[in-house]
Q: 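Provided herewith is a single structure, encoded as structure tokens, for subsequent inquiry.
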Amino acid sequence: GGPAEAVVQGFFQLSRDLPEAAGQWPSDFELGILYRLTADELRVSAHVENLGDRPLPWGLGFHGYFTLPGVASADELVLQAFAGRLYETEADQLPTGTTLPLPAELDFRQPRAVGPTHLDHV
């Protein structure tokens with residue numbers, strides 16, 4: 001990273017790091033997460049690699065909450081998210097596996113203020 005940033009990266013492989021839970025997953029996998037913090041942004045990148053020969057349905061969500069000095073509401077914060085589709089969900093926000101076109105009000109591929117947008121989607 002550059003001189004004005006902090007970076008941390010971690011990896012988790014089911015068979016190596018928690019083999020006793022392997023029976024709870026259909027396949028072995030590796031999860032990698034990279035956090036990159038600068039003076040004005042936090043970027044989180046994740047990748048999942050299926051290391052087995054069976055399908056591995058996967059979902060990953062981040063629920064970050066930050067208190068920023070001088071910011072009274074998240075409405076004024078600017079968000080950019082590179083998501084272009086939305087998962088259809090059933091009760092309790094469980095995804096069905098079907099993806100839907102992203103409604104305009106949830107399209108943050110170009111940075112814009114969060115405003116009154118309610119964000120609790122898959």
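Note that the structure is predicted; figures quoted are calculated from it, not measured.
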Q: Side chains of Glu88 and Pro95: closer than 4.5 Å at any heavy-atom pair?
A: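 No. Closest side-chain heavy atoms not under 4.5 Å.
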
Q: Answer with yes or no whether the side chains of Thr38 and Glu5 bring together a donor and an acceptor at under 3.5 Å.
A: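 Per modelled atom types, Glu5 and Thr38 side chains form no pair under 3.5 Å.
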
Q: If you measure from CG on Leu37 to CZ on Arg43, what distance do you get to the nearest 0.5 Å?
A: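 Reported value, rounded in 0.5 Å steps: 12.0 Å.
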
Q: If you measure from CD on Gln13 to CG on Leu51, what distance do you get to the nearest 0.5 Å?
A: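 Between atom CD of Gln13 and atom CG of Leu51 there are 5.0 Å.
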
Q: Rounded at 0.5 Å granularity, tell me how far CG in Leu14 sits from CZ in Phe29.
A: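 Leu14 CG to Phe29 CZ: 4.5 Å, rounded to 0.5 Å.
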
Q: Starting from Leu119 and following side-chain heavy-atom contacts under 4.5 Å between hydrophobic residues (I, L, V, M, F, W, Y), which residues can be reached?
A: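 Traced through the cluster, Leu119 reaches Leu79, Leu86, Leu102, Leu106, Phe108, Val114.
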
Q: Does Tyr87 OH have over 12 foreign heavy atoms under 6.0 Å away?
A: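 No.
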
Q: With rounding to the nearest 0.5 Å, note down the distance linking OG in Ser45 to CD in Gln9.
A: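 Separation between the atoms: 9.0 Å.
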
Q: For the CG atom of Leu31 and the CG atom of Leu60, what is their distance to the nearest 0.5 Å?
A: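 It comes to 6.5 Å.
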
Q: Can you run down the side chain to side chain donor-acceptor pair (under 3.5 Å) pairs that involve residues 48-58, sequence neighbours left out, and say none if there aren't any?
A: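 Applying side chain to side chain donor-acceptor pair (under 3.5 Å) to every pair that reaches into residues 48-58, excluding sequence neighbours, yields Ser27-Asn50.
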
Q: Under the rule for salt bridge (charged side-chain N to carboxylate O under 4.0 Å, His left out), what residues qualify as partners of Glu90, not counting sequence neighbours?
A: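 Salt bridge (charged side-chain N to carboxylate O under 4.0 Å, His left out) check on Glu90 returns nothing, list empty.
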
Q: Quick one: salt bridge (Lys or Arg N to Asp or Glu O under 4.0 Å) pairs with a partner in residues 106-119, sequence neighbours left out?
A: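 Every pair satisfying salt bridge (Lys or Arg N to Asp or Glu O under 4.0 Å) with a residue in residues 106-119: Asp107-Arg109.
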
Q: Applying salt bridge (Lys or Arg N to Asp or Glu O under 4.0 Å) as the test, list every pair that has at least one member in residues 9-32; sequence neighbours left out.
A: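 Passing the test, one end in residues 9-32: no pairs.
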
Q: With sequence neighbours left out, what residues match Pro57 under side-chain contact (heavy atoms from CB on, under 4.5 Å)?
A: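 For Pro57 the side-chain contact (heavy atoms from CB on, under 4.5 Å) partners, ignoring immediate neighbours, are Pro26.
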
Q: List the steps and the verdict of side-chain contact (heavy atoms from CB on, under 4.5 Å) for Leu18 and Phe12.
A: CA-CA 9 Å; Leu18 195 59; Phe12 172 84; 3.8 Å; yes

Q: Just so I know, are the side chains of Ile33 and Val44 near enough to count as touching, which here means a heavy-atom distance under 4.5 Å?
A: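 A side-chain contact under 4.5 Å exists here.
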
